[in-house]
Amino acid sequence: MKKFFAVLTGFFTRNWGLKLLSLILAILVYYALKPDYDYFQDRNERRIFKGN
């Protein structure tokens, strides 16, 4: 049982370089795939009802 907890804590405490690299890559992918909200605001379909 002691070995199980040692392996479990080792999973969270080892390979910090890889974890930081994966976090940076995840942030880059998030911002690369994030939609441009200004584009969607320009295509507002309700502007017909606003009198513009």
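Values reported hereafter were calculated over all heavy atoms of this structure, with side chains retained and with hydrogens, waters and symmetry mates removed.
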Practice problem: Tell me who clusters with I27, hydrophobic residues only, linked when side chains sit under 4.5 Å apart either directly or through other members. | Solution: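 Besides I27, the cluster holds L23, Y30, Y31.
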Self-check item: Inter-residue atom distance F4.CZ - T9.OG1, 0.5 Å rounding
Solution: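 Going from the CZ atom of F4 to the OG1 atom of T9 covers 10.0 Å.
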Self-check item: Approximate separation, where rounding is to 0.5 Å, of L21 CG and N15 CG
Solution: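 Going from CG on L21 over to CG on N15, the span is 11.5 Å.
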